[in-house]
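Here's the structure we're looking at; comments come further down.
Note: hydrogens, waters and symmetry copies are ignored here, and every other heavy atom, side chains too, is used. Below, chains carry the letters A, B, ... as their sequence lines are ordered, and counting in each starts from 1.
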Amino acid sequence: MKIILNGEPLEIGAGTSVAMLVQRLSDQTGRDPRGVAVERNREIVPKSRHAATVLEEGDQIELVQFVGGG
Amino acid sequence: MKIILNGEPLEIGAGTSVAMLVQRLSDQTGRDPRGVAVERNREIVPKSRHAATVLEEGDQIELVQFVGGG
Amino acid sequence: MKIILNGEPLEIGAGTSVAMLVQRLSDQTGRDPRGVAVERNREIVPKSRHAATVLEEGDQIELVQFVGGG
Amino acid sequence: MKIILNGEPLEIGAGTSVAMLVQRLSDQTGRDPRGVAVERNREIVPKSRHAATVLEEGDQIELVQFVGGG
Amino acid sequence: MSDNPSSDPLIIAGKAYTSRLIVGTGKYASYQQNADAARAAGAEIVTVALRRVNLTDKSQEILSDFVTPEEFTYLPNTAGCYTADDAVRTLRLAREAGGWNLVKLEVLADQKTLYPNMPETLKAAEALIKDGFEVMVYCSDDPVYARLLEEAGCCAIMPLGSLIGSGLGIMNPVNIRLIVEAARVPVIVDAGVGTASDAAIAMELGCDGVLMNTAIAAAKDPVRMARAMKHAVIAGREAYLAGRMPKKMYADPSSPLGGLI
Amino acid sequence: MSDNPSSDPLIIAGKAYTSRLIVGTGKYASYQQNADAARAAGAEIVTVALRRVNLTDKSQEILSDFVTPEEFTYLPNTAGCYTADDAVRTLRLAREAGGWNLVKLEVLADQKTLYPNMPETLKAAEALIKDGFEVMVYCSDDPVYARLLEEAGCCAIMPLGSLIGSGLGIMNPVNIRLIVEAARVPVIVDAGVGTASDAAIAMELGCDGVLMNTAIAAAKDPVRMARAMKHAVIAGREAYLAGRMPKKMYADPSSPLGGLI
Amino acid sequence: MSDNPSSDPLIIAGKAYTSRLIVGTGKYASYQQNADAARAAGAEIVTVALRRVNLTDKSQEILSDFVTPEEFTYLPNTAGCYTADDAVRTLRLAREAGGWNLVKLEVLADQKTLYPNMPETLKAAEALIKDGFEVMVYCSDDPVYARLLEEAGCCAIMPLGSLIGSGLGIMNPVNIRLIVEAARVPVIVDAGVGTASDAAIAMELGCDGVLMNTAIAAAKDPVRMARAMKHAVIAGREAYLAGRMPKKMYADPSSPLGGLI
Amino acid sequence: MSDNPSSDPLIIAGKAYTSRLIVGTGKYASYQQNADAARAAGAEIVTVALRRVNLTDKSQEILSDFVTPEEFTYLPNTAGCYTADDAVRTLRLAREAGGWNLVKLEVLADQKTLYPNMPETLKAAEALIKDGFEVMVYCSDDPVYARLLEEAGCCAIMPLGSLIGSGLGIMNPVNIRLIVEAARVPVIVDAGVGTASDAAIAMELGCDGVLMNTAIAAAKDPVRMARAMKHAVIAGREAYLAGRMPKKMYADPSSPLGGLI
C-alpha cells in the first residue's frame, strides 16, 4: 500500500497506524518520537489518536518537528 | 418648505429647482456658480439636471466647491 | 599686615606662616586641611614648606581644593 | 654645460638665457610659452628677467604650468 | 534636462508634465501668495480640497480667482476623509465640480498622525478606479501595499516621506527605494519634505516627483522657498540620472600625483 | 535669486561672483569634458594645480586650451603639498605663471586621509598674506581654527564636509554651522560632497558656496551631474534665505478642517 | 534594574519574563554554538521553525538536544509562509508538536524583501486568536496596522526595525515611537538590528523588547555578540526609564564657573 | 568580558582599569547622588575640578567626604582654563593638592562652544609632559592633532563626540574611526554622549573608553542612567570585539528554506 510521506512515496503494510509509522521512523533514525507532529490529508492527527488512526492507500502524511529558525 | 443646506435649515418656496437655488446663492454671494457641485440626499445632481430637479420638503442638499488644500 | 587671599584682602599678624594660615582657616571652617594646595605669588608652596614659609605684606595667596567637575 | 631641468640633467650651451631655454622647449613641444613659470635654484625668475638671466653650470631649474586639479 | 525638460517628462495617466513638483494650496497667507508660490515652484499641478460653499461670509476669497484651473491642473484631494466611503463620495463631487478624472486619494487614520489607513485606502482606490477615476494615491511606505495599489490600477504611488506637515524629510529611504525599484507607474513622495535637500534626496532615490505643501507655505518666505524647491527637484532628478560617485572610506586626491616640484 | 542672481552675489576678496559653485579640473576623462562640465555647473571659478611642464610627451593636452583663463577665473591650489614651505613656494610660482593673487591654500597631513595639517596651514596662510596673496583656505571643521584663519586675514574659510574624494557629504553640520555663525568672510564647503543633496545641505547650513571636484568628475555622467550641482547650490541657498518650516513631532494638516461635507 | 530585574519584568500573554531579549535559532555554525549564544544573551525565549522530519540523514543534529524546551521557551514562527492559510496550518502543527499556544506569526510578501504582507498577516492573526492562540505578530512599522493587530487581540506587536537580516538598524524611529505611544501590549522590535547600539536605540524609543537572530549568528564571535546584546538591551531599557538629558545646540560646562584661580 | 572583565583591561599610563567608563562629578543634585551614580556606573576614575577654598560658607559639602579618593581615582581637569598657562598652573596646584601625576588637560576656546583650543592644548601638553605629568588630553576630532598629541607623549587621546554638555552624540564617526585606527594609546570619547546608545556607538567604533558627566547628571534619574551607561559601554565594547554582521541592501532569511510543508 502506497502513501505520500513528506512529499515522497512510501510503501507500507495494510493496517499500519500513525503510531506504528512514527515508531518505525524513530527506530530508523534513532530519534525520540516526542516533539513530532503529524498531519494526515491536511488534518492534524493528535498524539492521542496516533494508535487508533490507520493509514489508507494514498494518504498524504506530513511529519514535522522543530528546527533552528529566526 | 424647509430643506437642509450644508447642514443648516433653509426655508424655500415650493417648486424651487436646484438651478434656482444655486442662482439665488450666487446672487447673494456675488459668486460665479460654475465650479460648484450639488449633492441631494447623498446623490449627485449633475449640472445638466439642475434645472429639472425640483427640491422637496426635507431635502438634504450639499453645495460644495474647491478651496485651498494640501 | 595685609595679604590677598583668594582674591580678597585679609589682615594677618606679622610672622604668620602658611601652615598657621591653613590651620586657622581649617579651624574656622571645620575642614580637614589635607587636600588643600597653596600658591604664593604664583609659586606653589609644597606642604613640606608650609611651616617654614612666613607670609609677607601684600602676598598673593591662592588656597585651592578639589570640587565636583566634569 | 649641464643643468638640472625639472629633475632631469640637461646639456645646454654656455650663455643660454632662461628666455632661450623656454623658447627652445616651446619650439620642441610646440607650446605657447606663456603661462609658464620658472624657478632657478629655488628663486623665481620673473618673465621680465628671462632674457637677462643667463644659466650657469649646475643650475636647478623648475619649469611649471597649470594642469587640471581639484 | 533642466535646460530642455521636455526630453525628460513626467507622465501621469498618459499626460506629460514638464515639472516634477506638485504643490498644495493650503496654509498660505493669501491665495495671491499661493499663486505666486505655485508659479515660483514651476508647478503645473496643484492639489485642492473640496469644502461646503460658505453661504455667509461673502468677502471670502475664491481659490480659482487666483490659482486658476486654466493655469494649473487641479488635483482634488480627500484630505479630512477617514473612511473609503467619505473619500469616494468627496471625489465624485469633485469630478462633478471640476469635470476631471485625475484625483488624489488619501484616507487618513487619525488626526494626530494623519497616517494613511491602508486597508480603507485600497478599498477606496478599487471603487474609484471601477468608477473611471485616475487615482494618484497617498500611502504608507510599505512596499507591499505600494504593489497592491499599483495592481489595483492606481496611476501614481505617493508614499509619505514622513508625517504630513512634520518636515522630517525621508524617514525610510530603503522603503522608498524598494517602492521605486518595483513600480511601473510614477512614484511621487507626498508629505514630509521640510526643506530643499529633502526634496533632492527623494529624487535621488529615483522618485519621479515630489508633492509638498507645508514646506513652502510655512517657510518664512514661501515664494523664495518655492523657487528653492523647483531647483531642488531638478537637482535631485539630474543627480539620479547622472549616477553619483561611489562613497569611499578614505580620501582620494583630485590633483595629479606626478609632476610635483 | 536664481532668476536674478546679481541681487545675491558671492563676494570674495572684493570681487563679486554670480555662481556659488566652484569646481575642480581634475579626474575628468578629458579637458573637453572638463570644460563642458564647468559650463554646465555655471561655475565662474575653477581650481587648478601647478605641475612641471611635460618635456617629453608633446601630444599631451593643455588645460588652458579647453578651460581658458578668459572664461574661468583660475584658482591655483597647493594639492600635494605637505608643508607650509612647499605650499608657499608652489603658490609663488602660480602667481608668476598666472599673475593672480587669489589662491587656494591646502597643506595636507598624509596621503591616506588628505586631512589638512592645521598648524602648517595657519603658518602658510600667514606667510602668504604677508606676501600679498588673497588666501582661500582649505581647513578642518574646527571652529576655533576657522576663527584663527580669518584673524590671520584669509579671504575665505573652506572647511571640509568630509574627506577629499570620499563623497560622504557633511559629516558634522554642527561645526559647519558654528563656523558660519562666527565668520565675517565667506565660508565655502570644500571636499566631501558626493551628490546634489549634499551640496544643498551645505548651503542650507548657511554656507556661502561649495567647492567640489570628484562628485562631478567621478559621476557616470559628469556634465549632467554638474547641472545637478548648479541647481542644488541654488536650491540650498534659496532655502536658507527663505527660512525653513519648523520640524514637528506629529502631523499637521494642510487642508482646512472646517466645511467638511 | 539590571541588578534587580524582577522589578521590571516583561509580561507577555500574562507570563512574566526577566529578559527583554528574544533570540532566533537559525544560521549558527552548530546547535551547540546556538545554545551557548542563547545563554550568553540571557534569553528566556527562542524562536524556532517547523520543518519536515529529515527521514534520510540520521546524523543530523536535533535542536532540542542542545537548546532544550526545558531551558528555553520555544516560540514557533511561520518563517517561509507567504499566505495566511500556510501560517495558520504551520502554527496548528507547531501547537500539536510542542503543546504551546504562544506563537510568532509572520506572513511574508516576497523572498527579496521578506517584508510582511499586512492584509494576510491580519487575516491570519484573527484566525489564530479565534482558535485560541496567543499571537506575537511580526509586522511593518505602520502605526495604524499596529493598532488593528492589537485590536484583533495580538499579545505582542513586533514591528521590523529594517529588513530581516539586513542589519540596517531602526530605519524609522518616528513610527516605532508612535507604535509604542499607542500600544497597550508589549512592542518588540523584530528584525533589522545589526549591532549593540541598534538594540539600545530600539529600547530607548520605549520598546519593551528586541528580537534578533542574524546580528548574533552572523557576528564573527556570536557568543560575544550575544553578551553584547544582553547588555545593550539592559542599557537601552535603563536609559529609557532614566529619562535622557535634553539635546542642546551649544555647549554647557560641567564644572563650576565660580572659584577659578 | 562583562562576566570576566579582567581579561580585557583598559590600560592608561601603565595602570590597568576594569571599567571603561570615566564619569564627571559636576552638576549633581548632591555629592551623595554623585557618589551613588559613580558606583552605579561602575566607574573607577572620576574627573574633579580645582577651585578656591570657600572661606565663607562653612556648610558647603566637601566632595571628598562622599566621592572619596580611596574609592575612586581622582582625575583633575582644567575645566575653565582658556590658555596653556592657566591649564599648566591649575594642574601643578592639583598635583600639589592630590599628589597624583595623572591629569586631564583641556584648554577651551570660548564659553559658547567650549571647543578645545588645539594650539594652546598642544603647547600645554608639551609643558606638562616635560614637567612629569601623565596627560589625558581633551581634543577635537582632528586626526592630525590626535597624532601630534600622541607624539608629544599624551597617555590618552580624548576627542569630543560633540560639544560639551550638548548630548548630540558622536557627530563625526569617520574622524573617531581614523583616530582609533592610528592611535597606539587609549582613545576615550570625551563629551557629547547624551544617552546609552551614544556610548555604545563610541565603543563600537573601537574607542577604548568613554568619559561623560552631563548625560548622567542631567538625566531625570541619574543613578539609573549611570547603570544604563555601564551596560552601554560593555555592550559597545563587546560588539566591537565580536565583529558585527555586514549590512545588506535586501533581506536574508533566518530560517531554513528547505523542509517547508
Side-chain angles (χ1 to χ4, degrees), chain G residues 1-2 24 26-27 49 51-52 54 77 79-80 89-90 93 112-114 163-168 194-197 200-201 204 213-215 218-221 224-225 227-229 231-232 234-236 238-239 241-248 250-261, chain H residues 1-2 24 26-27 49 51-52 54 77 79-80 89-90 93 112-114 163-168 194-197 200-201 204 213-215 218-221 224-225 227-229 231-232 234-236 238-239 241-248 250-261:
Chain G
M1 291 302 96
S2 56
K27 295 180 164 178
R51 292 292 183 268
R52 285 170 165 172
N54 185 323
N77 71 20
R89 179 185 173 198
T90 298
L93 276 165
K112 181 183 171 195
T113 67
L114 301 178
L163 297 184
I164 291 173
S166 69
L168 294 176
T195 187
S197 53
I201 288 166
E204 286 166 354
N213 188 104
T214 308
K220 284 200 185 55
D221 180 343
R224 191 163 211 159
M225 186 56 88
R227 193 161 49 226
M229 292 299 183
H231 288 285
I234 294 169
E238 292 294 283
L241 295 173
R244 68 158 288 159
M245 65 177 285
K247 293 183 179 184
K248 301 210 184 71
Y250 297 101
D252 188 4
S254 297
S255 298
L257 297 176
L260 285 161
I261 56 175
Chain H
M1 290 301 95
S2 56
K27 295 179 164 180
R51 292 291 183 268
R52 285 170 166 172
N54 185 322
N77 70 21
R89 179 185 174 200
T90 299
L93 276 166
K112 181 184 171 193
T113 68
L114 301 179
L163 297 184
I164 290 172
S166 70
L168 294 176
T195 187
S197 53
I201 287 166
E204 286 166 354
N213 188 102
T214 308
K220 284 200 187 53
D221 180 343
R224 190 163 212 158
M225 184 58 87
R227 194 162 47 227
M229 291 299 182
H231 287 285
I234 294 169
E238 291 294 283
L241 294 172
R244 68 158 288 157
M245 65 176 285
K247 293 183 179 184
K248 300 209 184 71
Y250 297 102
D252 187 3
S254 297
S255 298
L257 298 175
L260 286 160
I261 55 174

Problem - Spatial distance of atom CE (H:M245) from atom OG1 (G:T214) [nearest 0.5 Å] - result: 5.5 Å
Practice task
Please round to the nearest 0.5 Å and tell me the distance separating atom NZ of G:K220 and atom CG of H:L241.
Solution key: 11.5 Å
Exercise for the section: Please look at H:A49 and chain G and tell me whether the side chain, the backbone, both or neither of the residue comes under 4.5 angstrom of a heavy atom of that chain. Expected result: side chain
Problem - Atom group of H:T113 that falls short of 4.5 Å from chain G, counting heavy atoms - result: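 The answer is the backbone of H:T113.
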Can you tell me which of [options] forms the most heavy-atom pairs within a distance under 4.5 Å of chain G?
{"options": "H:N77, H:I164, H:L163", "value": "H:I164"}
{"options": "H:G236, H:G24, H:A219, H:G243", "value": "H:G243"}
{"options": "H:M229, H:E204, H:K247", "value": "H:E204"}
{"options": "H:A79, H:A242, H:G80, H:A200", "value": "H:A242"}
{"options": "H:G26, H:A232, H:A215, H:A196", "value": "H:A196"}

Problem - Backbone N/O of G:G167 and side chain of H:R244: donor-acceptor pair under 3.5 Å - result: yes
Practice task
Would you please test H:E238 and G:M225 for side chain to side chain contact (heavy atoms under 4.5 Å, CB included) and show each step?
Solution key: CA-CA 6 Å; H:E238 291 294 283; G:M225 186 56 88; over 6 Å; no
Exercise for the section: Please check if atom NZ in H:K112 has more than 12 non-hydrogen atoms from other residues, nucleotides or ligands closer than 6.0 Å. Expected result: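 More than 12 heavy atoms, drawn from other residues, nucleotides or ligands, come within 6.0 Å of this atom.
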Residue pair [X] / [Y]: nearest heavy atoms and the distance that separates them:
{"X": "H:D252", "Y": "G:L114", "result": "C-CD1, 3.8 Å"}
{"X": "H:K248", "Y": "G:G165", "result": "NZ-O, 3.7 Å"}
{"X": "H:A228", "Y": "G:A239", "result": "CB-N, 3.5 Å"}

